[in-house]
Student: 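I am attaching a structure below and will ask some questions about it afterwards.
Source: prediction; values computed, not measured.
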Protein chains: 2
Amino acid sequence: MMTPSLSILSDLLSIPSVSTDPEFASGMEDARSYLLTLFTSLGFTAHLLPGRLHPAVFASYIVNPSHPTVLIYGHYDVQPAGAPSQWTTPAFEPSIRKNRIYARGATDNKGQFMIHVMAVRKMLESDALPINVKFLIEGEEEIGSPGIELLTENYKTLLSADYLFLSDTEMPALGQPAIDITLRGCLDVEIHIQTSAQDLHSGQFGGVAPNPAQILAKFLSRLKNGSNKITLPGFYTDVISPNDEEIRDFRKTEPSDTQLLKEGHYFFVGGGENRYSLNRRRWFEPTLDITGLDSGYTGIGTKSIIPDTASAKISIRFVPDQDPEQIYSSLASSLHHSLPKATVWRLIRYPVASAFKAPTDHPVFELVKSSLKSVFGRPAVFQGQGGSIGSVPVLVRALGLPAVMIGFGLPDENLHSPNEHFSLENYFKGIETMSRIYSALPVLHLPNRPESIPIILETSSPGLL
Amino acid sequence: MMTPSLSILSDLLSIPSVSTDPEFASGMEDARSYLLTLFTSLGFTAHLLPGRLHPAVFASYIVNPSHPTVLIYGHYDVQPAGAPSQWTTPAFEPSIRKNRIYARGATDNKGQFMIHVMAVRKMLESDALPINVKFLIEGEEEIGSPGIELLTENYKTLLSADYLFLSDTEMPALGQPAIDITLRGCLDVEIHIQTSAQDLHSGQFGGVAPNPAQILAKFLSRLKNGSNKITLPGFYTDVISPNDEEIRDFRKTEPSDTQLLKEGHYFFVGGGENRYSLNRRRWFEPTLDITGLDSGYTGIGTKSIIPDTASAKISIRFVPDQDPEQIYSSLASSLHHSLPKATVWRLIRYPVASAFKAPTDHPVFELVKSSLKSVFGRPAVFQGQGGSIGSVPVLVRALGLPAVMIGFGLPDENLHSPNEHFSLENYFKGIETMSRIYSALPVLHLPNRPESIPIILETSSPGLL
């Protein structure tokens, strides 16, 4: 028989809330209804906040305005399930095997945010919730969180809190708890180069007409030097280096080449600066990758042309405190100066996801580390995230609070792939950990918290102070 | 009323002989029948020779085995007509306007080879054909002459001749006759680079996984140096330079930058070595062009991947006496040595078209020049061809004869485009020129012809020497 915390998760997992596909609009609505009902049944005030395509669920439980307040972020939308034939059991029929629950969204992100809901539920049941709790469960994470910035701006007061907690990342291995302290930002640009009004005959014009693909290749090849250092002027100026504790922690989870090659199914390590450890290269160093190349004829066989245009898509993962504006300007200026005069070019820029670095000297991180250790029996490590979670820097910047990212997912849980699953061991240990953390938050010694400032009350009755 | 030579051309132009499209199989057959009947009616022996997809028409008229023999090459197949809406009059309903005949194939190549047929017809009518004539009119030129090599091998004796004549090129301008003395060869290759078994998440793996598009861009960018010289080892070793007369002639038709830019609708001159004249660059110098680039995601928007593969198509136009085998080896070896170990790569090589250089010191070129001058009133110039005509080097090599390429087309006649046409002034002047040339061939002074070698006859009667 399922415990309530498991059957609630299972019910949520059976709802096909795919945000990217309009056919699943009712699944998205069902997931929102389910969450609104769930929060209300727990005593929360719950309602929707507008997104760009799909509203977010907002729920708050205010115990006492003077208590610390946590904002917990999660997302109820999931990736499309993909081919049913690739799933052992259907994507939206949760199934438990070997202490794991299988379903689309199990680890990304329903199982993970439900840990926080269940921790709060447990504390409420034993009448021991010493903090105020706000949940923001959005429905647009899998489509890039396009609405989060405006939503945060418009509901700043409603969302205000002392801490942001979220679980949308991974532990390096079962039994090894971890706290994610960085996110790389992401700047995508597209370069278009044109050298003629139409494709040209490569025999007639070869030798006198410029070739945009050759010009593009030359530009791209110069963006990195022989040591894979990015050559854009000023690119590294503001890069924050990890501190000693962080470097020490990164070493604890430093993978071998072989291990990384196996995880990614790639053939050799490359693409970053050799002088840094692998963890530093993927978490703390910026990268520049060509994500697409297109020019001329790409079908079967040959076509005797000099193409009229060539284009490349480039993705730059930048780190704190690099400025994406400055990076973009540097790229545009390099392009402008490297192209032959009379080349027609265009640079398209996509919305930026900011980089993020957790304030690891904040006392909450000590509390989180010790709580994780007491439940998992092993000290938690700091680790980084090479990817981006667009909502985190937005919330942090707008609300001015520390973000604590505790991953309970595991690297092999097939997020975005068939047979996605979530470890029930981590689910229950996560609930235990989070209720310990939330219980201990009020006693956290915060040197700058308003509570530590002496409050002078004006009174006419000295006996009443 | 049309003259016979014009109405015969018009009839041939009304037959839709598109070689690339199976729907036009009957048009191809009609064109062959038309030609077989035409040649037979002129007194030729005519029959078909096998091609790869479409047979060639072969016709011969042997006046006297001891007379000089010319082999005339042409092709009866044409490019697809394209959108009917772009044609002023239908592509296969020949129409005469302002002394030009409009139809698909008018200049490429029906009008041009018909000049030779009509010249011979004219000579036969006045009973003045002092040479043997063989026509090889193939049906696969527009699909790259895939059958010409085998056909030539198998029918070497049948095709044997003293001269090869063809008109499948252009004059630089109306009134300026020209002889094409070079063809560049063409070697197409495709490079595939793979660095992982699947696309990777650019956040998770950016900085530790190699990027095949970046590796490819680097390789491609190094194929040419800052002066556009191709850097493949040994590439230029066997390149034949033009001689003084050729360079002088090239200067006569040297275009301005502006003129070339206008012809090709491109934005600036580039892609060849600056130290050479434009004509030399497009006719006598080898080139290397990227004709296609493909990697990763090329649709709308972004995709956060490190692609698993990247590929490029490259077309090398080489010149006499460069060896395509050697070029290919040099490219393969450069690729092999420049790629990081463990990169998986593949090089695909397409069939080669050989380069060609006419033996301009052969006396026939003087005869052709003077004949062109007498008809056009202006000295003919030697010029080159940046493109390739696959059949010419094949026939020349197999049959050991000089090739004379006289272009009667004009640069603005829209070959391969809508509203293709052919100048009737050139058609009639071409017939006049070719009949003069063919008439004069027997009196040509050929130092090395067997006839000029003293023949010692063994005889018993001294008075008969």
Student: Where does B/Ser388 contact chain A at under 4.5 Å (heavy atoms): side chain, backbone, both or neither?
Tutor: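 Neither the backbone nor the side chain of B/Ser388 comes within 4.5 Å of chain A.
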Student: Return the CD1 to CD distance between A/Ile300 and B/Glu190, rounded to the nearest 0.5 Å.
Tutor: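 A/Ile300 atom CD1 to B/Glu190 atom CD measures 9.0 Å (nearest 0.5 Å).
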Student: Name the member of A/Ile306, A/Leu223, A/Val189 that forms the most heavy-atom pairs with chain B at distances under 4.5 Å.
Tutor: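 Sorted descending by pairs with chain B, the first entry is A/Ile306.
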Student: Enter the distance from A/Leu293:CG to B/Thr298:OG1 here, rounded to the nearest 0.5 Å.
Tutor: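 Result: 9.5 Å between the selected atoms.
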Student: Please answer whether the main-chain N or O of B/Gly207 pairs with a side-chain N or O of A/Arg281 as donor and acceptor at a distance below 3.5 Å.
Tutor: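 Checking the backbone N and O of B/Gly207 against the side chain of A/Arg281, a donor-acceptor pair under 3.5 Å is found.
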Student: Among A/Thr302, A/Ile305, A/Thr195, which residue has the highest count of heavy-atom pairs closer than 4.5 Å to chain B?
Tutor: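 Winner by heavy-atom pair count: A/Thr195.
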Student: Would a distance-only check, ignoring hydrogens and angles, find a side-chain to backbone donor-acceptor pair under 3.5 Å from A/Arg317 to B/Gly206?
Tutor: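 Not at all, since once roles are kept as given, no pair shorter than 3.5 Å links the two residues.
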Student: What residue in B/Leu216, B/Leu261, B/Leu183, B/Val208 has the most heavy-atom pairs under 4.5 Å with chain A?
Tutor: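 The answer is B/Val208.
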Student: Out of A/Gly292, A/Gly386, A/Ser295, return the one with the most heavy atom pairs under 4.5 angstrom to chain B.
Tutor: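 Looking at each option in turn, the highest pair count goes to A/Ser295.
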Student: Is the side chain of B/Lys313 donor-acceptor paired with the backbone N or O of A/Gly296 at a distance under 3.5 Å, no angle test?
Tutor: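 Checked: no pair found.
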Student: Tell me the closest heavy-atom pair linking B/Phe205 and A/Gly264, and the distance in Å.
Tutor: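 What the structure gives for the nearest pair is CZ-CA, 3.5 Å.
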Student: Is B/Ser221 in contact with chain A via its backbone, its side chain, both, or neither, using a 4.5 Å heavy-atom distance?
Tutor: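 For B/Ser221, the contact with chain A is made by backbone and side chain together.
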Student: What I'd like to find out is whether the side chain of A/Phe267 reaches to under 4.5 Å of the side chain of B/Thr343, using heavy atoms alone.
Tutor: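 Not in contact.
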Student: Begin from the C-alpha positions of A/Thr291 and B/Tyr297 and carry the test side chain to side chain contact (heavy atoms under 4.5 Å, CB included) through to its verdict.
Tutor: CA-CA 6 Å; A/Thr291 61; B/Tyr297 178 68; 5.8 Å; no
Student: For the pair B/Gln214 (side chain) and A/Lys224 (backbone), establish whether a donor and an acceptor sit closer than 3.5 Å, ignoring hydrogens and angles.
Tutor: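 Not confirmed, B/Gln214 side chain does not pair with A/Lys224 backbone.
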Student: Please state whether the side chain, the backbone, both or neither of B/Leu200 comes within less than 4.5 Å of a heavy atom of chain A.
Tutor: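 Contact with chain A is through the side chain of B/Leu200 alone.
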Student: Please check if atom CZ in B/Arg349 has more than 12 non-hydrogen atoms from other residues, nucleotides or ligands closer than 6.0 Å.
Tutor: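 Result for CZ/B/Arg349: enclosed.
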Student: Name the member of B/Ala310, B/Gly144, B/Gly272, B/Pro286 that forms the most heavy-atom pairs with chain A at distances under 4.5 Å.
Tutor: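 The residue among B/Ala310, B/Gly144, B/Gly272, B/Pro286 with the greatest pair count is B/Gly272.
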Student: Measure the spacing between CZ of A/Arg184 and CD of B/Gln204 and express it to the nearest 0.5 Å.
Tutor: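 Taking CZ in A/Arg184 and CD in B/Gln204, the distance rounds to 10.0 Å.
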Student: Looking at A/Gly384, A/Ala342, A/Ser311, which one has more heavy-atom pairs under 4.5 Å with chain B than the rest?
Tutor: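 So the answer, after comparing A/Gly384, A/Ala342, A/Ser311, is A/Ala342.
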Student: Output the option from A/Ser304, A/Gly301, A/Gly299, A/Gly271 having the highest count of non-hydrogen pairs under 4.5 Å with chain B.
Tutor: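 Highest number of heavy-atom pairs under 4.5 Å: A/Gly301.
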Student: Determine the option with the most heavy-atom pairs under 4.5 angstrom with chain B, choosing from A/Arg280, A/Gln385, A/Lys341.
Tutor: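 Greatest number of close heavy-atom pairs with chain B: A/Lys341.
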Student: Which atoms form the tightest heavy-atom contact between B/Leu220 and A/Ala217, and what is the distance?
Tutor: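 Heavy-atom minimum between the residues: CB-CB, 4.0 Å.
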Student: For residues B/Tyr266 and A/Ser196, report the shortest heavy-atom separation together with the two atoms involved.
Tutor: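 That closest heavy-atom pairing would be CB-CB, 3.2 Å.
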Student: Under 4.5 Å, counting heavy-atom pairs only, tell me which of B/Asn228, B/Ile348, B/Leu260, B/Asp294 racks up the most with chain A.
Tutor: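 Greatest number of close heavy-atom pairs with chain A: B/Asp294.
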Student: Which region of B/Gln194, side chain (C-beta onward) or backbone (N, CA, C, O), has a non-hydrogen atom less than 4.5 Å from a non-hydrogen atom of chain A, or is it both or neither?
Tutor: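 Both parts, backbone and side chain.
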Student: Using modelled atom types only, decide if a donor and an acceptor are shared between the side chain of B/Asn211 and the backbone of A/Ile290 within a distance under 3.5 Å.
Tutor: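 Yes: the side chain of B/Asn211 pairs with the backbone of A/Ile290.
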Student: Considering only heavy atoms, which portion of A/Tyr350 lies under 4.5 Å from any heavy atom of chain B: side chain, backbone, both, or neither?
Tutor: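 For A/Tyr350, the contact with chain B is made by the side chain alone.
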Student: Can you tell me which portion of B/Leu288 sits under 4.5 Å from chain A's heavy atoms? Options are side chain, backbone, both or neither.
Tutor: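 Both parts, heavy atoms under 4.5 Å.
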Student: Under 4.5 Å, counting heavy-atom pairs only, tell me which of B/Ser202, B/Ala209, B/Pro307, B/Cys186 racks up the most with chain A.
Tutor: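 Max contact count across the listed options: B/Ala209.
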Student: Is the count of non-hydrogen atoms from other residues, nucleotides or ligands lying under 6.0 Å from B/Lys229 atom NZ greater than 12?
Tutor: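 Yes.
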